[in-house]
Amino acid sequence: MDVKFPLDNYVKCLEAESDPERVRCRNDFLRDVRTKIKEVTTREYINTEQNTVDYVLLFIPNEQIYAFIHEQDHSVLDEGMKNKVVFCSPITLFAILAVVRVAVDNFSLEQASNEYYR
């Protein structure tokens with residue numbers, strides 16, 4: 001999970017005093033998010049040699065920013081998924097971790113079953 005998230009242009013967008021400035025900051029923020037997707041895919045979060053999971057969680061620090069990305073350009077989230085980057089907010093993080101936990105339990109049960117029947 002990567003928890004560093006680019007907020008500067010989001011804050012500028014909220015504080016913008018004109019529509020053109022707001023649009024520019026919005027576009028800059030969405031560009032920053034796309035850059036962050038590329039950045040986390042270059043790190044060794046996903047490393048098959050170390051048996052890591054195939055996806056990276058990109059933590060978005062609050063629900064408003066998460067909703068803003070969804071509302072302004074949902075293709076950013078699609079781009080993340082194509083690159084195995086899953087966006088999560090404080091609320092969705094719990095759901096994602098619950099799914100991961102069940103998957104780990106099922107995998108462990110499967111491994112134990114395979115060893116038992118050998």
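Predicted model only: the values in this text are computed from it and were never measured. When reading the values below, keep in mind they use all heavy atoms of this one structure, side chains included, and skip hydrogens, waters and symmetry mates. Note that the numbering runs from 1 along the sequence shown for the chain.
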Tell me the ring-ring contact (aromatic ring centres under 6.0 Å, His included) pairs involving residues 61-90, sequence neighbours left out? Tyr10-Phe68, Phe29-Phe68, Tyr66-His70
Are Tyr55 and Val85 side-chain neighbours, meaning at least one heavy-atom pair lies under 4.5 Å? no
Any salt bridge between Arg24 and Asp28, counting N to O under 4.0 Å? yes
Using a strict cut-off of less than 4.0 Å between a Lys/Arg side-chain nitrogen and an Asp/Glu carboxylate oxygen, indicate whether Arg101 and Asp105 qualify as a salt bridge. yes
So Asn9 and Leu30, do their side chains get closer than 4.5 Å, heavy atoms only? no
Separation between CD of Glu21 and CZ of Arg26, rounded to the nearest 0.5 Å: 15.0 Å
Compare every heavy atom of Pro90 with every heavy atom of Pro61, then report the nearest pair and how far apart it is. O-CG, 3.5 Å
May I ask you to decide whether Asp73 forms a salt bridge with Arg34, counting only side-chain N to carboxylate O separations under 4.0 Å? yes
Using the rule that two of Ile, Leu, Val, Met, Phe, Trp, Tyr join whenever any of their side-chain heavy atoms come within less than 4.5 Å, decide whether Phe94 and Ile65 are in one cluster. no
Could you grab the distance from atom OG of Ser89 to atom CG of Asn62, nearest 0.5 Å is fine? 8.5 Å
Lys/Arg N to Asp/Glu carboxylate O, Lys36 vs Glu39, below 4.0 Å: yes
Atom of Asn83, atom of Thr41 and distance for their closest heavy-atom approach: O-CG2, 3.5 Å
Looking at Thr92 and Cys88, would you say the former's side chain and the latter's main chain have a donor-acceptor pair under 3.5 Å? no
Would a hydrophobic clustering, with Ile, Leu, Val, Met, Phe, Trp and Tyr connected at side-chain separations under 4.5 Å, put Met81 with Leu97? yes
NZ (Lys82) and CD1 (Ile37) are apart, to the nearest 0.5 Å, by 10.5 Å
How about Glu63 and Ile91: do any of their side-chain heavy atoms sit closer than 4.5 Å? yes
Report yes if some heavy atom in the side chain of Leu58 is under 4.5 Å from a heavy atom in the side chain of Val86; otherwise report no. no
Same apolar cluster: Val76 and Val11, side chain cutoff 4.5 Å: no
CD1 of Ile69 to CD1 of Ile60: how many Å apart, nearest 0.5 Å? 4.0 Å
